[in-house]
Undergrad: 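Encoded as C-alpha cells, here's the structure I'll be asking about.
So you know, we letter chains A, B, ... as the sequences are listed, proteins then strands, and number each from 1.
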Protein chains: 2
Amino acid sequence: MPAKEVNPDLQKERNTATFNPREFSVLWAGGEDRFQEKKTLEKLFLEDPALQDDLPISYLSHKELYEHSLRKACIIGEKIRKLRADGEDGVDTYNALLGGSLGAAILKEGNPLALHYVMFVPTIMGQGTMDQQVEWLSKAWDCEIIGTYAQTELGHGTFLRGLETRADYDAKTQEFVINTPSLSAYKWWPGGLGHTANHAVVVAQLYTKGEFRGLAPFIVQLRDSDTHNPMPGIDIGDIGTKLGMKGVNNGYLGLKNVRVPLNNMLMKNQQVLPDGTYVAPKNSVLTYGTMMFVRCALIRDTAQSLAKASTIATRYSAVRRQSPIDPNQPEPQIMDHTTQQLKVFPQIAKAIVFKTTGDGIWNMYNVISGEIEQGNLDRLPEMHALSCCLKAICSADATAGVETCRLSCGGHGYMDCSNFPTIYGMSTAVCTYEGENTVMLLQTARYLVKVYGQALNGEKLVPTVSYINDAVNQKKFVNFDGSLESIVKAFQFVAANKTRIAYEQIELRRKQGHGTEVAANLCGTFLTAAADLHGRAFLAQTAYTELLALSRNVSPALADVLKVVLELYLVEACLNRIGDFLRFIDLTDHDVTQLEVRLENCLKRLRPNAVTLVDSFDLHDRVLDSALGAYDGNVYEHIFESTKKNPLNKEPVNGAFHKYLKPFMKAHL
Amino acid sequence: MPAKEVNPDLQKERNTATFNPREFSVLWAGGEDRFQEKKTLEKLFLEDPALQDDLPISYLSHKELYEHSLRKACIIGEKIRKLRADGEDGVDTYNALLGGSLGAAILKEGNPLALHYVMFVPTIMGQGTMDQQVEWLSKAWDCEIIGTYAQTELGHGTFLRGLETRADYDAKTQEFVINTPSLSAYKWWPGGLGHTANHAVVVAQLYTKGEFRGLAPFIVQLRDSDTHNPMPGIDIGDIGTKLGMKGVNNGYLGLKNVRVPLNNMLMKNQQVLPDGTYVAPKNSVLTYGTMMFVRCALIRDTAQSLAKASTIATRYSAVRRQSPIDPNQPEPQIMDHTTQQLKVFPQIAKAIVFKTTGDGIWNMYNVISGEIEQGNLDRLPEMHALSCCLKAICSADATAGVETCRLSCGGHGYMDCSNFPTIYGMSTAVCTYEGENTVMLLQTARYLVKVYGQALNGEKLVPTVSYINDAVNQKKFVNFDGSLESIVKAFQFVAANKTRIAYEQIELRRKQGHGTEVAANLCGTFLTAAADLHGRAFLAQTAYTELLALSRNVSPALADVLKVVLELYLVEACLNRIGDFLRFIDLTDHDVTQLEVRLENCLKRLRPNAVTLVDSFDLHDRVLDSALGAYDGNVYEHIFESTKKNPLNKEPVNGAFHKYLKPFMKAHL
C-alpha cells in the first residue's frame, strides 16, 4: 500500500508494536480465504483506472454527482455481470461492492443502482411465486430492467399501517389501479427512484371487492424501457440534496390511476384471484425475518464506520504534534495526551466489539431463522427484541464515535479531505433507516416488560433475558470485585433493574387509571432506558465471551492486545453508565475512582499498539480516502495535494473579483 | 410572517397557549428598542430581492457557491456602507449582519468578507498605533482594501508558540522579510483568504538583530490592488470543501521572502525601532481580553443554534402524525410521544438558559474588562477560567442538541431542505475554533486545581469558585430535598468534589515521582471532568438566579412558563450527571426515580406552550430556512416545493441515461 516514504513518527509506532498485524487482519476478514478474496476484489476494482476520481467528488454539484455516480455504477454493474458469468455468485461479494467498504471506496456517497441489487431482486425472490420469479428475475439480474423498492411515503415511515398509497382491484380488466391520493402519500426516499430505475416494487394498501385487505407489493413500470420517459400517471423525480448518501438518487413517486396487470402483485404469501377473491397469507410473522436480517447486517456496518474513523484519527494522532506536556520538551505526538487517548482508543475497542457482536448475532440469526422455517417460532420475539436494540445502540454509538474521532483531529477533521464528513453522513443515516432508533428501543422494551412479568410469575426465561430471572430472585448485587466478569454480571443486574422500574412505572400509571398503551407512552423514557441497558448488557456479555474465546486461539502477543481491548471496552462502558451502577449496586466514591484510574491505565497499555491495531483493520487507502489517515502518514502533503485539485485554485483570480468585488471596492473612489 | 393558511394542528397549539408570545419575544431581543431595530433590519435586508436565492445553495458546486457568496457579500457590504453614511455605527448591527442570525439568513454558509469586518478592522484598532490606525482604518472601513487575519498554520493551531512563520527584520532596508519555512508553516483556515482578501494581518515569530522576540502581527499585501493577482512570493488559494461554513473561502498562504515596510508591524503593544531595537510589550496579559470577548460572544451563538433547531423540531413535531399511542385512535401529533418531548423540549430550555448565561457573562466581562483597563487584574484568571469551560460546554451541548432535534424529525431531518445539516455544520465548528474544547477545559481545570490548593490552605476564594470553600469545610452534602435550590447547591458540591479528585490524583502522581506537568497530563480525564462540572454548576446557578429574577418582572402567565423551563433544565441537567450526584451525595434508587418522574412531569407541563415558546424566539422564516420549521407549518408542501427546484428535476430524463445507463441495460440483448 505505501507508495511514498512513511512518516517517521508513524513508522516508529509500527516498529515498536508487540504483535503481528497480519494475524489480526486475517481474523478481521473472517479467515485466510476471505482475506485473499478481499485482496483480489480490491485489485480488480480499485486498480481499474475507470473507477478512479480525478476530482474529489465534494467539488461536484448535486447534478454532476448523480451523473458521475451513475457512470461508475454502470461500470460496477458490468463487472458484476462478468463475475456472474464467470460463476461467481457470492452474496458477500455483491454486498461488499454495493454497501460495504469496497463499494464505499468507489462510490463514497452511495450507488444509485444499489437498491436494484439489494432490495428489488431480493423482494422478487422472497415474495414472488415461482412463475413470477421466472418472469422477472433473469431480466432483473441481467439489468434489462432496473428496479427499486418504494414503501416509505412523505407522510409515513415507520408505522406501515399508516401508508396511504392504495391499489384497487378491477376484476373487469384484471388490473390493479394504484393511486397516491394525497401529497403525503407520495412515495419518498427510495434509492435510485429519482432518475435511474424504470421499475419499482410499490407497497400499497390492497382493496379487492371493495374490501380492505392489508398491504401488498406490486411491480410497477415507472419509465419507458426505451426512452426512459415517465409512464402515464407517474410523477417522479429526485428528492434533493441531503446530509449524506448524496449519490443515491433518492426519489419521489406519485401515482395517478396507474394500472398494472393482476400478475404484477407479488403473490407468494397472499393471493388475489382473477375474480377478486382474496387469499390471506398463512403466516404474517415471516416478514419479521427480512427486517431482522437487515438489522443484523447493519450492526456490522456500524463496526466498519468505527474502524474507518478510528484508523484515521489514530494515524493522525501519531503524526500531529501539539502542545508540550512538559514546557521544556518539544511538542509531543498528540496521541501522548491522555485526553486524546480517551477520545480515540475506545472507538477502536468499540469497532472490535461491534464487529464481534455483529458476527455473533449473525450466527444466532441463522440458527433461529432455520428454526422459524421449521415452524418453530419460539425464539423469534427474543431475536427481534435483541436485533432492535442492538441496531439502535450500535448505530448511535458508532455515529457519536465517528464525531469524536473527527473532533479529535481539530480543524483538519472538519475538511472534507479528512473524509470524516462523509463517514458521518453515512453512519448517522443508520440511526433513522430500517426502523428509527427510538421506535426500535420501544419495541425491545415492550418485550422486556412482558418477560419481566413472566419472571415475576416464576417462569423461566429464554437465554438472552435469563438474567432477569436472576435479578428477580436476588434483590441485591453482591461481590462487585471489579473483575471483568463482575462488570458483565453487574451490567445484567443493572439492566434487570431498569426493566423493573419501567415495569413498575407502567403498573403505577395503570393503577392511576390509564390504559396500558397510554401508560406505556407516559413511561416512554423509562422504557427506552431499559432497552438501552438490555442491549449494553448483551454487548458486555458478548465482548467478554467472544474476545476471551478469541484470545485462546491466537498468538500470546495478539491475545494480550485483545485482552486490553476487552478491558478498555468494559471499563469505559461501565463508567459511561456509572449512574445506573451506583443506583443499583453499592459502590463507593473510591470504587469509582479506581475504575477511572483503571481506564487511564488501559489507555496507557493500548498506546504502544494503537497504530498497529488500526493498521490491522487493513483498510485500503481508497476505502479511507482521507488525507489525515493514509497509510504513509504524510498528512500535510496529502492535505495540500487535495487542495491543489480544488477547481477554485485553477485560476489565480476568480471571475467574481471582476464582476462583484472590484466594483464594490472601487465604488467609493 | 404567515403567507399561506397555517396548518390546523399548529394553529391549534397557538390558540391554546397560556401566554402572549410577544412579551417573551421582546425580552429575548433585549427590550422593545432592540426588538424594533431587529424588525427594521429584517425588512431592509430580507425583503431586498437582490438578496433572495432562487435556487437553494445546496445545489451549487463549491466554485459556484463561492461566486454566489461573494456577490451577496458585496451587496451586504454596500448596504453597510450606506448605513454608516447614514450615521449608523452600532456594532450589534454589523455583528447581526456578519455572524448573527440575519447574516445566516442571507449567507447561510458564511460570508467571505466577514473576517474583514470582525477580525481585520478590529485588530488594527486594537494593535495599531494611532498613526497606523489613521493610515489603514479609513481604507479598511471603506473597503478599498479587504483584509483577513492569518494566524493558524497547517501544522499549528491552538499552541501559538509553536507557529513557524517568521519575520526577520532587515535594518538596512527597514523591512521585515516574512517566510513560511515549511509546508506545515503555511497559514491555513483564515476566512476570505482564498480569493477574496488582498491584505492580511499575518502573525509571525519576530526576529530582530538575530534574536527571537516572540509573536508579532504584520499587515501584508497579498494581491495586487488592481489586477488581484497574487503578489510576488505569495502562494495562495482556497483550502477546499468542508463540513460547513462552505461559503467562507477559507484560504492557505505561503510566503517566500515577502518584504513589508517597518511600519507594517502593528506596534501599539510592542515596537521595533528602525535600527532593530526591540521594545517589549508592557503587559502581555492584555491579549487575554480579546479571547475572552470572543468566547463570551460564542456562548450567545450556541443559544441561537439551539433556538433555531428547537423551533424547527417543535413545529414539525406538532404537524407530523405517527404511530398511534392507543391502537384504536388515529395517529397522534408526534409531540404527544413522551420520548419525542424528551428529545426536543430540553433543547428549548437550553437555548433559554444559554442565552441568559451568555447575557450574564457578557455583563461580567464588561465589568471585569473595565477593572483590567484600570490595571486591576484580580478577576482575570477567574473570568478566563469561566469563559473557557462555558465555551466548551455550551458549544458541545448545542451541537448535540441540534443533532437530537434533527434525529427527532426522522428521515426528513436528513434532507438539506430541513436546514439541520447547515445548522449542524455551523454549530459544531464552534467546538474547534477559538480554542479547541478539550484545551479549553484543561485551561479551566488548571485554575480549579490551583484554587483548590488555596482553599485547602484556608484562603477565601473569589465568587465563582467560592463553593469550593464550602465543600472543603463540609465533607458531606446534607438535606438534598429535590428543591431547585438544592439541585443547584448539589451541583456545586459535586463540582467541588470532582476538583478534589483531580487535585488528589495529581498529588498522587507527583508522589509517584512524576513532574507536575506530566502528572497533569496523566490526569487529563480527571481534569476535563472537573472543568465540565464547574461550568455546569455555574450554568445551574445562573439559570436559577436569572430565570427566577426574570419571572418576577413579567406577567404571571409568562412567569409560569419560565418556571417550568427552569425546572426542566435543572432536573434534566441533574439526571444527565446523575452518576456524579450518586457518587458524592446520598441518594437512593427511589430519589432517582422521583427525579425521572419529575422530568416526565416537566415535559407534560411544557407541552401546551411548546409551540408558542419557540414562536416567541421570533425567528424569521428566512433565518430558519427550513421546510420542516416554517411558521405556517405546511411541511409537506414546503418539502415538495424545494424538491421542484432541484436542477435534476428540470428534465424528465437525465443525459446520463443515454450516455451510461441505456448502453449498460441493452448490452446483454
Side-chain angles (χ1 to χ4, degrees), chain A residues 58-59 61-63 67 70-71 74 77 142-143 154 157 159 162 183-184 195 228-229 237-243 322-323 325-326 331 338-339 342 410-411 414-416 421 432 436 438 517 521 524-525 578-579 582-583 589 592 636 643 646-649 652-654 656-657 660 664-665 668, chain B residues 58-59 61-63 67 70-71 74 77 142-143 154 157 159 162 183-184 195 228-229 237-243 322-323 325-326 331 338-339 342 410-411 414-416 421 432 436 438 517 521 524-525 578-579 582-583 589 592 636 643 646-649 652-654 656-657 660 664-665 668:
Chain A
S58 62
Y59 292 107
S61 72
H62 181 61
K63 186 159 181 272
E67 292 160 359
L70 187 58
R71 182 181 71 78
C74 289
D142 289 339
C143 296
L154 184 52
F159 182 67
L183 179 57
S184 58
H195 295 83
H228 213 54
N229 274 319
D238 177 288
I239 62 167
T241 56
K242 305 170 303 277
L243 176 59
Q322 178 149 319
S323 298
I325 291 167
D326 181 332
E331 294 180 273
T338 305
T339 47
L342 184 64
Y414 193 75
M415 290 193 282
D416 281 330
T432 305
E436 191 277 328
T438 303
E517 300 292 339
N521 178 50
T525 62
I578 195 68
L582 284 161
R583 182 170 174 184
D589 172 17
V592 180
Y636 301 130
T643 294
N646 181 347
L648 261 181
N649 296 335
V653 178
N654 180 275
F657 167 73
Y660 310 119
F664 167 64
M665 292 171 73
H668 213 56
Chain B
S58 62
Y59 292 108
S61 72
H62 181 60
K63 186 159 181 272
E67 291 160 359
L70 187 59
R71 183 180 71 76
C74 289
D142 288 341
C143 297
L154 185 51
F159 181 67
L183 178 57
S184 58
H195 294 82
H228 214 53
N229 273 320
D238 178 287
I239 63 167
T241 55
K242 304 169 304 278
L243 177 59
Q322 177 149 318
S323 299
I325 292 168
D326 182 332
E331 294 179 271
T338 305
T339 47
L342 183 64
Y414 193 75
M415 290 193 282
D416 281 329
T432 305
E436 191 277 330
T438 302
E517 300 293 337
N521 178 50
T525 61
I578 196 68
L582 285 160
R583 182 170 174 185
D589 172 18
V592 181
Y636 301 131
T643 294
N646 181 347
L648 261 181
N649 295 334
V653 178
N654 179 274
F657 166 73
Y660 311 120
F664 168 65
M665 293 171 72
H668 213 58

Undergrad: Which atoms form the tightest heavy-atom contact between B:Ser323 and A:Phe159, and what is the distance?
TA: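 It is OG-CB, 3.7 Å.
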Undergrad: Which of the residues B:Leu183, B:Ile578, B:Val653, B:Asp238 is involved in the greatest number of heavy-atom pairs with chain A at under 4.5 angstrom?
TA: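 The candidate making the most pairs under 4.5 Å is B:Asp238.
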Undergrad: Hydrogens and angles aside, do B:Ser58 and A:Thr241 bring a side-chain donor and acceptor to less than 3.5 Å of each other?
TA: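 Checked: B:Ser58/A:Thr241 side chains pair up, N/O donor to acceptor below 3.5 Å.
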Undergrad: Select one option (side chain, backbone, both, neither) describing which atoms of A:Asn646 are under 4.5 Å from chain B's heavy atoms.
TA: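 The side chain, not the backbone.
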Undergrad: So, for A:Gly240 and B:Tyr59, which heavy atoms are closest and what is the spacing to 0.1 Å?
TA: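 For A:Gly240 and B:Tyr59, the tightest heavy-atom pair comes out as CA-OH, 3.1 Å.
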Undergrad: For each of B:Gly411, B:Gly410, B:Gly157, B:Ser184, tally heavy-atom pairs with chain A at distances under 4.5 Å, and name the one with the top tally.
TA: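 The option with the most such pairs is B:Gly411.
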Undergrad: Search all heavy atoms of B:Tyr660 against all heavy atoms of A:Cys74 and return the closest pair with its distance.
TA: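 For B:Tyr660 and A:Cys74, the tightest heavy-atom pair comes out as O-SG, 3.6 Å.
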Undergrad: Measure the CZ-SG distance between B:Phe664 and A:Cys143 for me, rounded to the nearest 0.5 Å.
TA: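 Result: 3.5 Å between the selected atoms.
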Undergrad: Considering only heavy atoms and a distance below 4.5 Å, find which of B:Thr525, B:Asp142, B:Leu154 pairs most often with chain A.
TA: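 Ranked by contacts with chain A, first place is B:Leu154.
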Undergrad: Which one of A:Gly162, A:Ser61, A:Gly524 has the most heavy-atom pairs closer than 4.5 Å to chain B?
TA: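 Answer, by heavy-atom pair count under 4.5 Å with chain B: A:Ser61.
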Undergrad: Do side-chain atoms of B:His228 reach the backbone of A:Phe657 as a donor and acceptor pair under 3.5 angstrom?
TA: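 No; judged by distance alone, with no hydrogens or angles, the pair does not exist.
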Undergrad: Below 4.5 Å, heavy atoms only, C-beta onward: do B:Asn654 and A:Glu67 meet side chain to side chain?
TA: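 The answer is yes, as the side chains (C-beta and beyond) meet within the 4.5 Å cut-off.
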Undergrad: Which heavy-atom pair separates A:Gly237 from B:Asn649 by the least distance, and what is that distance?
TA: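 Minimum heavy-atom contact is CA-OD1, 3.4 Å.
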Undergrad: Chain B heavy atoms under 4.5 Å from A:Ile239: which part of the residue, side chain, backbone, both or neither?
TA: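 Backbone plus side chain of A:Ile239, per the 4.5 Å heavy-atom cut-off to chain B.
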Undergrad: Between chain A and each of B:Thr339, B:Asn521, B:Thr438, count heavy-atom pairs under 4.5 Å; write down the option with the most.
TA: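 Answer, by heavy-atom pair count under 4.5 Å with chain A: B:Asn521.
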Undergrad: Please round to the nearest 0.5 Å and tell me the distance separating atom CD1 of A:Ile325 and atom CD of B:Glu517.
TA: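 Atom-to-atom, A:Ile325:CD1 and B:Glu517:CD are 9.5 Å apart.
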Undergrad: Any side-chain heavy-atom pair from A:Thr432 and B:Tyr414 closer than 4.5 angstrom?
TA: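 No, side chains not in contact.
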Undergrad: Are any of the side-chain nitrogens in A:Asp589 or B:Arg583 under 4.0 Å away from the carboxylate oxygens of its partner?
TA: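 The answer is yes: the pair qualifies as a salt bridge.
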